[in-house]
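The structure appears right after this line, and notes come after that.
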Number of protein chains: 2
Amino acid sequence: MTDELIVDCQLRAGLELLAHTWDPLVIVALRDEPLRRRAVKDALGGVSDKVLTEALHRLLANGLITRRSFAEAPPRVEYALTPLGRTLLDGPLKAMGRWLNQHADELLTAQEAAQAG
Amino acid sequence: MTDELIVDCQLRAGLELLAHTWDPLVIVALRDEPLRRRAVKDALGGVSDKVLTEALHRLLANGLITRRSFAEAPPRVEYALTPLGRTLLDGPLKAMGRWLNQHADELLTAQEAAQAG
DNA sequence: CCGTATCCGTATTGATACTG
DNA sequence: CAGTATCAATACGGATACGG
């Protein structure tokens, strides 16, 4: 029982890593190769500078991505997945992707049914 | 490319199902058997009535749980996982649990390192 | 290009008190 | 017990302007 509470607590802590709107999408955006800040921004669509910075800082603080700065002009910064970040992509995130592929229609049906009832 | 944007969009839609603080914990709480509202509340620890109601309504609206009301005194209501809800538990949620079991220490180390640097 | 600093509207959480 | 109503606190996403 104490055990269960700990497990649940861990679960929430883990989900926090993916709870913020853009964080998981940044991870997905970096799946193939390191990207410059601007490239990440473009990959996400319409995200503001401030929010993007916050997302990158969170991911850095959790050790899911790295930041590499090049001494060039114009400035160049590249973000990349860490090995840990990649395991999060390959594990839970891909599991969610698979679930959606398999159950998206079922989910929509259930949502409509619940709305109707 | 359009494909990728769609995938990312789906991914966010899926994560939304687990993004609210208590929703995934309700799913976990119902994993073994249907529970009364009060039992769910106790299982989660310190959640307010209002927030619990919101969580239950979201889960109902998404077809992840069911609500069954018994005509008794005192009132009795039971919530239970739907088959769809169970697949979410067995898939993405368990994947996150496994990831935490395997990488929790790594995550903590990375967090401390990032904080120090 | 990279990143920070402000300001704002809204959404979410929560405590409390109350009704059926 | 089940659920709603109200009010306060805050966190989040975002637009904009500015500085490295």
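Values reported hereafter were calculated over all heavy atoms of this structure, with side chains retained and with hydrogens, waters and symmetry mates removed. None of these values were measured; they are calculated from a predicted model. Each chain gets a letter, A, B and so on, in the order its sequence line appears, and its residues count up from 1.
Using a 4.0 Å cut-off, no side-chain N or O of B:Arg76 falls inside it from OP1 or OP2 of D:dC1. Regarding contacts with the backbone of D:dA2, every side-chain N or O of B:Arg38 stays at 4.0 angstrom or more from both OP1 and OP2. A sub-4.0 Å separation between OP1 or OP2 of C:dG3 and a side-chain N or O of A:Tyr79 is present. OP1 or OP2 of D:dG3 sits under 4.0 Å from a side-chain N or O of B:Arg37. Put simply, B:His57 has no side-chain N or O that comes within less than 4.0 Å of OP1 or OP2 on D:dG3.
Residue A:Phe70 is classed as having no contact, given no heavy-atom separation below 4.0 Å to the nucleic acid. Using a 4.0 Å heavy-atom cutoff across all strands shown, A:Thr21 reaches sugar-phosphate atoms only and no base atom. In this structure, A:Val51 reaches the bases: a heavy-atom distance under 4.0 Å links it to at least one base atom across the strands shown. Using a 4.0 Å heavy-atom distance criterion, A:Ser69 is classed as making no nucleic acid contact.
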Dot-bracket assigned to DNA chain C with the 3.5 Å Watson-Crick/G-U criterion, [ ] for crossing and | for other-strand pairs, is |.||||||||||||||||||
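Ion pairing between A:Asp42 and A:Arg38 holds under the 4.0 Å rule for side-chain N and carboxylate O. Taking 4.0 Å as the cut-off between side-chain N and carboxylate O, A:Arg37 and A:Asp49 count as a salt-bridged pair.
Distance A:Leu52 CG to D:dC12 P: 16 Å, rounded to the nearest Å. Here D:dC12 presents its P atom at 8 Å from CD of A:Glu16, a figure rounded to the nearest Å. Rounded to whole angstrom, the span from the CD atom of A:Glu78 across to the C1' atom of C:dG3 amounts to 17 Å. In this structure, CZ of B:Arg12 is placed 12 Å from C1' of D:dC12, rounded to the nearest angstrom. Between the C1' atom of D:dC1 and the CG atom of B:Asp42 lies a distance of 11 Å, rounded to the nearest Å. If you take NZ of B:Lys41 and C1' of C:dA15, they are 10 Å apart, rounded to a whole angstrom. Between the CD atom of A:Glu72 and the C1' atom of C:dC2 there is a distance of 13 Å, given to the nearest Å.
Nearest heavy-atom pair, A:Gln10 versus B:Asn101, reported as atom, atom and distance to 0.1 Å: OE1-OD1, 4.2 Å. Contact record, A:Leu107 with B:Leu84: CA-CD2, 3.9 Å, taken as the closest heavy-atom pair. Between B:Leu60 and B:Arg67, the closest heavy-atom pair is CD2-N, 3.7 Å.
Judged by distance alone, with hydrogens and angles left aside, A:Lys50 brings a side-chain donor or acceptor within reach of the base of D:dG13, the pair sitting under 3.5 Å.
For A:Arg36, whose side chain is taken as the heavy atoms from C-beta onward, the closest listed nucleotide among D:dG14, C:dC2, D:dC1 is C:dC2. Minimum atom distance to the side chain of B:Asp49 is reached by D:dG3, of the listed C:dT13, D:dG3, C:dC2.
Of the inter-residue distances, the one linking B:Ile65 atom CD1 with B:Thr82 atom OG1 reads 8.5 Å to the nearest 0.5 angstrom. Atoms NE2 and CG, from B:His20 and B:Leu59 in turn, are 9.5 Å apart once rounded to the nearest 0.5 Å.
Along DNA chain D, the nucleotide nearest to A:Trp22 and the one nearest to B:Leu56 differ in position, and the one closer to the 5' end is contacted by B:Leu56. DNA chain D is contacted by both A:Glu54 and B:Pro74; B:Pro74 maps to the nucleotide lying nearer its 5′ end (nearest heavy atom per residue).
Side chain to side chain, B:Glu54 and B:His57 fail the donor-acceptor criterion of an N or O pair below 3.5 Å.
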